[in-house]
Trainee: 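Input: one structure, supplied below.
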Amino acid sequence: MYERQQAPSRYSLPEPYPEVRVTAKNRFYAQLLLEDYASETSELDAINQYLYHSFRFKQWNLGDLAELEEGISIIEMRHMEMLAELILKLGGDPRYWVIRDNDQRYYSTSSVYYGHSVLDMLSADIEAERIAIVNYRRHAGMINDPYVRAVINRIVRDEEYHLQLFSEAYQRYRSTAPDKAQR
Ligand SMILES: [Fe+2]
Ligand SMILES: [Fe+2]
């Protein structure tokens with residue numbers, strides 16, 4: 001069996017991820033997780049948004065912020081991978097779509113918040129983490145499978161850490177570099 005890489009990262013908590021397994025197939029749970037996986041407020045959307053922000057911060061010579069965005073984006077990829085495995089085990093298809101009420105909607109990058117200034121972009125990233133936490137908690141409350149919930153709860157802990165890292169960066173730039181913050 002292939003083992004997930006648990007290489008240490010500065011952008012996730014130093015706690016192992018639980019084993020990705022399910023009690024039984026459940027299409028409804030798979031559909032709930034598809035929203036966390038690829039929707040306008042999802043891991044896929046966070047990956048795209050943070051990567052774009054890292055490209056811009058690099059261009060603006062804000063290396064610390066570029067590294068922060070890229071590092072967190074890579075952790076979101078790990079979350080996305082775990083969600084894909086859960087969705088497959090639950091009997092779903094982890095395409096980049098959301099299925100709801102017999103309707104299927106493919107993910108669009110138009111939901112990425114591209115932004116135009118350092119503080120504007122960081123506050124969008126803070127908001128993305130907040131929404132992710134709320135959605136994961138709501139879904140965990142609807143999922144009566146201890147294995148799936150354990151994975152979600154562990155992901156939430158990383159998202160709380162990301163929220164803290166983005167908030168600290170925001171405070172740092174607001175108080176110490178007002179010129180850069182006004183780009
Ligand atoms: Fe995530
Ligand atoms: Fe996150």
Side-chain angles (χ1 to χ4, degrees), residues 4-20 29-57 64-90 92 94-98 107-109 111-115 118-143 147-173:
R4 175 170 296 99
Q5 292 288 312
Q6 297 265 3
S9 163
R10 292 166 56 193
Y11 305 104
S12 66
L13 291 175
E15 298 169 12
Y17 291 111
E19 189 189 348
V20 176
Y29 294 169
Q31 287 183 19
L32 290 179
L33 293 184
L34 279 170
E35 288 186 36
D36 303 309
Y37 172 79
S39 70
E40 64 277 1
T41 54
S42 67
E43 297 293 350
L44 180 58
D45 204 63
I47 291 165
N48 290 329
Q49 183 166 308
Y50 303 164
L51 271 185
Y52 175 79
H53 290 177
S54 85
F55 303 148
R56 294 297 269 174
F57 290 151
D64 58 330
L65 289 184
E67 191 190 317
L68 176 72
E69 296 279 357
E70 186 183 279
I72 293 180
S73 181
I74 289 167
I75 299 304
E76 310 301 8
M77 285 180 218
R78 185 178 282 183
H79 295 166
M80 198 175 167
E81 178 191 23
M82 290 190 285
L83 291 180
E85 289 173 15
L86 283 177
I87 291 163
L88 283 165
K89 288 181 177 181
L90 288 166
R95 294 190 186 194
Y96 309 134
W97 61 8
V98 174
Y107 170 77
S108 159
T109 48
S111 56
V112 168
Y113 188 85
Y114 293 97
V118 174
L119 292 184
D120 172 46
M121 290 149 101
L122 286 175
S123 41
D125 301 336
I126 289 167
E127 188 60 16
E129 295 292 341
R130 280 208 184 107
I131 292 171
I133 292 166
V134 167
N135 287 346
Y136 273 127
R137 288 206 177 121
R138 192 179 70 248
H139 290 160
M142 297 165 78
I143 291 174
Y147 298 117
V148 178
R149 283 166 76 144
V151 174
I152 294 178
N153 290 336
R154 176 62 186 83
I155 290 176
V156 165
R157 291 183 43 68
D158 277 347
E159 311 302 17
E160 288 168 339
Y161 182 50
H162 296 166
L163 179 58
Q164 180 196 329
L165 292 174
F166 280 136
S167 301
E168 286 168 2
Y170 183 94
Q171 294 304 329
R172 213 162 50 238
Y173 271 82

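What's counted below: heavy atoms across the whole structure, side chains too, no hydrogens, waters or symmetry copies. We count ligands from 1, going down the list as the structure has it; atoms in each ligand are counted the same way.
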Trainee: What atom name does the N, O or S atom of His162 nearest to the Fe ion (ligand 2) carry?
Mentor: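 Closest N, O or S atom of His162 to the Fe ion (ligand 2): ND1.
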Trainee: Hydrogens and angles aside, do Gln164 and Glu168 bring a side-chain donor and acceptor to less than 3.5 Å of each other?
Mentor: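 Indeed, the side chains of Gln164 and Glu168 share at least one donor-acceptor pair under 3.5 Å.
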Trainee: Taking atom types as modelled, find out whether Ser12 and Asp158 have a side-chain donor-acceptor pair closer than 3.5 angstrom.
Mentor: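 No, no side-chain donor-acceptor contact under 3.5 Å.
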Trainee: What angle, in degrees and rounded to 10°, do you get at the Fe ion (ligand 1) when you join it to ND1 of His79 and to OE1 of Glu76?
Mentor: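 For ND1 of His79 and OE1 of Glu76, the angle centred on the Fe ion (ligand 1) reads 90°.
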Trainee: Between Tyr107 and Asn48, is there a side-chain donor-acceptor contact under 3.5 Å, judged purely by atom types and distance?
Mentor: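 Judged by distance alone, the side chains do pair up.
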Trainee: Give the name of the N/O/S atom in Glu159 that lies closest to the Fe ion (ligand 1).
Mentor: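 Of all N, O or S atoms belonging to Glu159, OE2 is the one nearest the Fe ion (ligand 1).
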Trainee: Going by distance alone, is a donor N or O of one side chain under 3.5 Å from an acceptor N or O of the other, for Glu35 and Asn135?
Mentor: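 Glu35 vs Asn135: no donor-acceptor pair found between side chains.
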Trainee: With a cut-off of 2.8 Å, does Glu43 place any N/O/S atom under that distance from the Fe ion (ligand 2)?
Mentor: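 For Glu43, the answer is no, given that no N, O or S atom comes within less than 2.8 Å of the Fe ion (ligand 2).
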